[in-house]
Amino acid sequence: MEFKLYVITDERYHPGRNMLDVIEEALRGGADVVQLRDKHASKREIYQKAVELRELTARYGKLFIVNDHPDIALAVDADGVHLGQDDLPIAAVRRIMGDRIIGISTHSLEQAKRAEAEGADYIGVGPVFATQTKEGATPVTVELVRQVAETIQIPYVAIGGIKLHNVDQVLEAGARRICAVSEIVGSEDVKGTCEAFLRRIKAHEQEV
Ligand code: TZP
Ligand code: MG
């Protein structure tokens, strides 16, 4: 899985703007992965959004991941699914998803190691900083990013409260892939924000 910038949908951050327009701007700005995440809509509504996002991401040749729902992911021919710690175990989802991508959110080094051992294709590490986007989650700090960078071989993406003004701290801790939600989809310049994130990520790759 080659990617640098991972964006997750959250329609609460762009009232009055169409989600597909916002995500298309992110793709034009260079986002490599789009995840559909909606904790409020009905399954039928999530499916309908997934159909549209699959079509859009395919047009840009980019990866499309569905949060929480392996059945929707398969039904729309998504590239993969993203799981939480309380979702079905990776081994069970592997039986459903075959070779497709399985990602999982992790909040400790133990969880990260277990996800790797269980065959996850990538992990999320976070929330790095405090965030309004995911309720009740305690920040894991950049220290966990540092530990994961030293320990884990599969791709890991840092997430949670990451903004243009603090992304350098996350990159300095070792992250090479960044996920941001509110900073991107809530921006008045979605494309420019993605481009700015990618400039920071690439600048860091050259320093090390
Ligand atoms: N998982 C960990 S933090 C988070 C998720 C889905 C939300 C990140 O959103 P933001 O707006 O980039 O802080
Ligand atoms: Mg979940």
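Note that the numbering runs from 1 along the sequence shown for the chain. Only this structure's heavy atoms are used, side chains among them; waters, hydrogens and symmetry mates stay out. Note that ligands are numbered from 1 as they come in the structure, with each ligand's atoms numbered from 1 the same way.
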Problem set entry | Sidechain N-carboxylate O distance under 4.0 Å for R100, D121 | no
Please confirm whether [X] comes within less than 3.5 Å of ligand 1 when only nitrogen or oxygen atoms on both sides are compared.
| X | answer |
| --- | --- |
| Y13 | no |
| R37 | no |
| T133 | yes |
| P127 | no |

Problem set entry | Donor-acceptor pair between S42 and Y47 side chains, under 3.5 angstrom | no
For this session: Report yes or no: do K163 and S182 form a side-chain donor-acceptor pair below 3.5 Å?
Result: yes
Exercise. Which of these passes side chain to side chain donor-acceptor pair (under 3.5 Å) with D68: K39, K43, H82?
Worked result: K39
Problem set entry | atom 5 (C) of ligand 1 - nearest protein heavy atom and its distance | I159 CD1, 3.4 Å
For this session: Could you tell me the residue and atom name of the protein heavy atom closest to atom 12 (O) of ligand 1, and the distance to it rounded to 0.1 Å?
Result: V181 N, 2.8 Å
Problem set entry | N/O donor-acceptor pair under 3.5 Å between R94 side chain and G98 backbone | yes
Exercise. Does S105 have a heavy atom less than 4.0 Å from any atom of ligand 1?
Worked result: no
For this session: Identify the residue among L109, I154, V140 that makes a side chain to side chain contact (heavy atoms under 4.5 Å, CB included) with V148.
Result: L109
For this session: Find, among atoms of D87 that are N, O or S, the one nearest to the Mg ion (ligand 2), and state its name.
Result: OD2
So if I count the atoms of ligand 1 from 1 in the order they appear, which ones are less than 4.0 Å from some heavy atom of [X]?
| X | answer |
| --- | --- |
| S182 | 10 (P), 11 (O), 12 (O) |
| K134 | 1 (N), 2 (C), 4 (C), 5 (C) |
| A180 | 12 (O) |

Exercise. Got more than 12 heavy atoms from elsewhere within 6.0 Å of CZ, R44?
Worked result: no
Exercise. Mind checking whether the Mg ion (ligand 2) has an N, O or S of D68 under 2.8 Å?
Worked result: yes
For this session: Determine, stepwise, if the pair R17 / E25 fulfils side chain to side chain contact (heavy atoms under 4.5 Å, CB included).
Result: CA-CA 12 Å; R17 286 202 70 189; E25 252 197 73; 2.9 Å; yes
